[in-house]
Amino acid sequence: MSVWSPVKLQIHSVADGEKVNQQVVGEALRKGNALYIRYVEEEQLPGSEPIRNTVKITDNSVKLIRHGGVESEQTFEQGKRLPGFYRSPFSSFALSTDTKELSLSLSNLSGKISFSYDLYVFEEQSGQLSISIEIQEDQ
């Protein structure tokens with residue numbers, strides 16, 4: 001049986017020059033060659049359903065899956081443009097990510113991942129983003 005372990009996450013994101021820093025508590029699980037991290041987004045609209053995030057990290061890719069008030073899926077692999085989607089009660093659209101940089105530095109359940117990408121919505125570039133997540137096993 002797989003056991004999830006508590007982790008602390010520091011998430012830094014920059015979207016078209018706007019910086020957001022979050023510190024959240026989550027949990028991590030190593031399964032085969034993949035590390036799974038899951039956490040609930042802190043920023044919620046009043047009365048909205050919580051958004052649960054799962055991050056799947058493998059040797060050369062990161063997949064971000066969101067469930068709840070928003071449903072979305074994005075995959076990041078350096079040098080590749082990969083399809084994804086976004087759905088909310090208000091809109092739904094196809095998107096894709098063109099990953100420019102991907103850096104993974106992990107040891108067991110701790111480490112850092114970072115990636116920069118161009119986001120495309122309906123085949124038109126809608127932004128340049130970068131995200132880094134520092135993962136610290138919580139003893």
Side-chain angles (χ1 to χ4, degrees):
M1 182 171 145
S2 303
V3 177
W4 289 86
S5 300
V7 291
K8 291 178 183 170
L9 305 171
Q10 289 204 30
I11 305 167
H12 307 285
S13 61
V14 180
D16 297 319
E18 185 179 325
K19 295 179 182 177
V20 177
N21 295 315
Q22 301 176 70
Q23 291 187 341
V24 297
V25 174
E27 43 190 9
L29 171 71
R30 187 156 288 277
K31 198 172 187 179
N33 74 335
L35 175 63
Y36 293 86
I37 310 278
R38 62 185 185 191
Y39 64 95
V40 175
E41 278 184 31
E42 302 257 313
E43 296 294 316
Q44 302 292 329
L45 294 172
S48 68
E49 189 181 344
I51 299 170
R52 297 174 312 281
N53 290 287
T54 302
V55 183
K56 179 184 178 186
I57 306 161
T58 60
D59 294 339
N60 62 351
S61 72
V62 173
K63 182 176 225 166
L64 177 58
I65 304 159
R66 298 166 81 204
H67 293 288
V70 165
E71 306 276 330
S72 73
E73 198 169 286
Q74 293 172 279
T75 304
F76 307 93
E77 207 170 305
Q78 186 160 331
K80 293 190 177 176
R81 184 165 162 181
L82 299 169
F85 67 85
Y86 176 93
R87 279 193 293 268
S88 77
F90 311 104
S91 68
S92 173
F93 49 84
L95 52 83
S96 62
T97 55
D98 185 357
T99 306
K100 304 300 183 188
E101 285 182 57
L102 176 65
S103 168
L104 307 171
S105 174
L106 298 168
S107 173
N108 198 20
L109 300 180
S110 296
K112 182 176 179 176
I113 64 171
S114 58
F115 46 98
S116 300
Y117 64 99
D118 291 341
L119 179 66
Y120 290 83
V121 177
F122 298 119
E123 296 303 313
E124 286 196 24
Q125 186 175 347
S126 75
Q128 292 182 309
L129 299 93
S130 58
I131 296 173
S132 71
I133 303 174
E134 292 174 42
I135 306 150
Q136 184 179 355
E137 196 168 357
D138 198 2
Q139 301 298 337

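Hydrophobic clustering of Ile, Leu, Val, Met, Phe, Trp and Tyr side chains at less than 4.5 Å, counting indirect connections, keeps Phe76 apart from Leu82. In the hydrophobic cluster analysis, where Ile, Leu, Val, Met, Phe, Trp and Tyr join through side-chain heavy atoms closer than 4.5 angstrom, Leu29 is grouped apart from Ile57. Residues Leu95 and Phe122 fall within the same hydrophobic cluster, defined by Ile, Leu, Val, Met, Phe, Trp and Tyr side chains chained together at heavy-atom separations under 4.5 Å. Using a 4.5 Å cut-off between side-chain heavy atoms of Ile, Leu, Val, Met, Phe, Trp and Tyr, with links allowed through other members, Val70 and Val55 fall into the same hydrophobic cluster. No path of Ile, Leu, Val, Met, Phe, Trp and Tyr side chains, each step under 4.5 Å between heavy atoms, connects Val14 with Ile133, placing them in separate hydrophobic clusters.
One distance of note links CZ of Arg30 with OG of Ser5; it measures 11.0 Å at 0.5 Å rounding. The line from NZ of Lys100 to OG of Ser116 is 10.5 Å long, rounded to the nearest 0.5 Å. For the atom pair CD (Gln74) and CD1 (Ile65), the distance works out to 11.0 Å, reported to the nearest 0.5 Å. Rounding to the nearest 0.5 Å places CD of Glu77 at 12.0 Å from CG of Asp98. Distance NZ/Lys56 to CD/Glu73: 10.0 Å, rounded to 0.5 Å. Note that OG of Ser110 is 11.0 Å distant from NZ of Lys8, once rounded to the nearest 0.5 Å.
Ring-plane geometry between Tyr86 and Phe93 is classed as parallel, the angle between the planes falling under 30 degrees on a 0 to 90 degree scale with a further cut at 60.
For the pair Asp16 and Gln128, the minimum side-chain heavy-atom distance is below 4.5 Å. You'll find the side chain of Leu119 reaches within 4.5 Å of the side chain of Thr97, heavy atoms only. Looking at Ile131 and Val62, their side chains never come closer than 4.5 Å, going by heavy atoms from C-beta outward. Inter-residue side-chain proximity for Arg66 and Glu41 is flagged as met; some heavy-atom pair is nearer than 4.5 Å. Counting heavy atoms from C-beta outward, Ile135 and Leu109 have side chains that stay 4.5 Å or more apart. The shortest side-chain heavy-atom distance between Glu134 and His12 falls under the 4.5 Å cut-off. No side-chain heavy atom of Leu102 sits less than 4.5 Å from a side-chain heavy atom of Tyr117.
Residues Thr75 and Lys63 approach most closely at OG1-CE, 3.5 Å, considering heavy atoms. Listed here is the closest heavy atom pair of Gly68 and Arg52: CA-NH1, 4.1 Å. Closest of all the heavy-atom pairs between Ile11 and Val24 is CD1-CG2, 3.9 Å. Taking both residues in full, the closest heavy atoms of Glu27 and Val7 are given as N-CG2, 3.7 Å, listed atom of the first, atom of the second, then distance. Nearest heavy atoms, Leu106 versus Gly111: CD2-CA, 3.9 Å. A pairwise comparison of heavy atoms in Ile51 and Gly69 identifies CG1-N, 3.9 Å as the closest pair.
For the pair Arg87 and Phe85, the cation sits on the ring face: its NZ or CZ lies under 6.0 Å from the ring centre, inside 45° of the axis.
Within 6.0 Å of the CD atom in Glu101, the count of heavy atoms belonging to other residues, nucleotides or ligands does not exceed 12.
Checking Thr58, Ile113, Asn60 one by one against Leu104, the side-chain contact (heavy atoms from CB on, under 4.5 Å) holds for a single residue, Ile113.
Judged purely by atom type and a 3.5 angstrom limit, Ser88 uses its side chain to pair as donor or acceptor with the backbone of Ser91.
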